[in-house]
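Working notes, beginning with the structure itself.
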Amino acid sequence: MIKDFLVPFLTIGIAELGDKTQLAIFCLASNTRKYFQLLSGVLLAFCIADGMAIIFGNFLLRLVPIDYIKIISGAVFILFGILTLAGRKEEESECRLKNPFLSGFGIVLLSEMGDKTQIASGLFATKFNPFMVFLGVITALAVLSLMAIYLGKYLLSKLDKRIISTAAGVLFILIGVYCFF
């Protein structure tokens, strides 16, 4: 049961660190002092986007044999790993913030739809307990969002996003290979 929480928590946490969504949260946090409103909007968007993916992933298990799901999810994780490694470049964004809740909600919801971590969340739900996957994913995203909000400007100037992206890409490939066994 702890594995059902820990694997999504660690994987999504590492993969999302330095992602475009986190960079957007950094940017938003640098333009407001209403951090709780921003965090509330961000977390609601994550709950909706990743919650939908997890529900769909659990539903998929009832329709498709597990062997096919393992092969497909392994291939998807490997593909995400390759895409993450291929797309390692600094992303910069500008933002103007009027309403922290709505800005955080809208930007995160849009940037998470179809994102690799959202799809990975759904894939985890085919292998692990969906409720624990949801808790692991949302906990990881909440921790990262808090880091982005409260340490945004400082961390952004100190971290090398290419190293973080490389670690995330390698982790996705390793998980993809693991899915085949």
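Along the sequence shown, residues are numbered consecutively beginning with 1.
- Side chain of Thr126 to main chain of Leu123: a donor-acceptor pair is present (N/O by atom type, distance under 3.5 Å, no hydrogens or angles).
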Using atom types as modelled, flag every donor-acceptor pair under 3.5 Å from a side chain in residues 136-146 to any protein atom, sequence neighbours excluded.
| unit_1 | atom_1 | unit_2 | atom_2 | d |
| --- | --- | --- | --- | --- |
| Thr139 | OG1 | Leu135 | O | 2.6 |
| Ser145 | OG | Leu141 | O | 2.7 |

Practice prompt. Kindly indicate, with the supporting measurements, whether the criterion side chain to side chain contact (heavy atoms under 4.5 Å, CB included) is fulfilled by Val133 and Asn129.
Written response: CA-CA 6 Å; Val133 168; Asn129 177 307; 5.8 Å; no
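- Taking each heavy atom of Ala125 and Pro130 in turn, the nearest pair found is O-CG, 4.1 Å.
- Atom CG of residue Asn99 and atom CD of residue Gln37 lie 6.5 Å apart, to the nearest 0.5 angstrom.
- Between the CG atom in Leu6 and the CZ atom in Phe9 there is a gap of 7.5 Å [rounded to 0.5 Å].
- Residue Phe5 is not grouped with residue Val7 when hydrophobic side chains (ILVMFWY) are merged at heavy-atom distances under 4.5 angstrom, including chains of intermediate members.
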Can you list, pair by pair, the side-chain donor-acceptor contacts under 3.5 Å of residues 40-52, counting residues two or more places apart and other chains?
| unit_1 | atom_1 | unit_2 | atom_2 | d |
| --- | --- | --- | --- | --- |
| Ser40 | OG | Phe36 | O | 2.9 |
| Asp50 | OD1 | Ser121 | OG | 3.2 |

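- Separation of atoms CG (Leu17) and CD (Gln22) is listed at 7.0 Å; rounding is to 0.5 Å.
- The distance from atom CD1 of Ile54 to atom CD of Gln118, rounded to the nearest 0.5 Å, is 9.5 Å.
- Distance check: Thr117 OG1 to Ile12 CD1 gives 5.5 Å after rounding to the nearest 0.5 Å.
- Hydrophobic clustering of Ile, Leu, Val, Met, Phe, Trp and Tyr side chains at less than 4.5 Å, counting indirect connections, unites Val177 with Ile82.
- Without hydrogens or angle criteria, Asp4 side chain to Met132 main chain gives no donor-acceptor distance under 3.5 Å.
- Phe128 and Phe124 have tilted rings, their planes meeting at an angle from 30° to 60° on a 0 to 90° scale.
- For the atom pair CZ (Phe180) and CD1 (Ile71), the distance works out to 7.0 Å, reported to the nearest 0.5 Å.
- Evaluation of the ring-ring contact (aromatic ring centres under 6.0 Å, His included) rule for Phe131 yields no partner, not counting sequence neighbours.
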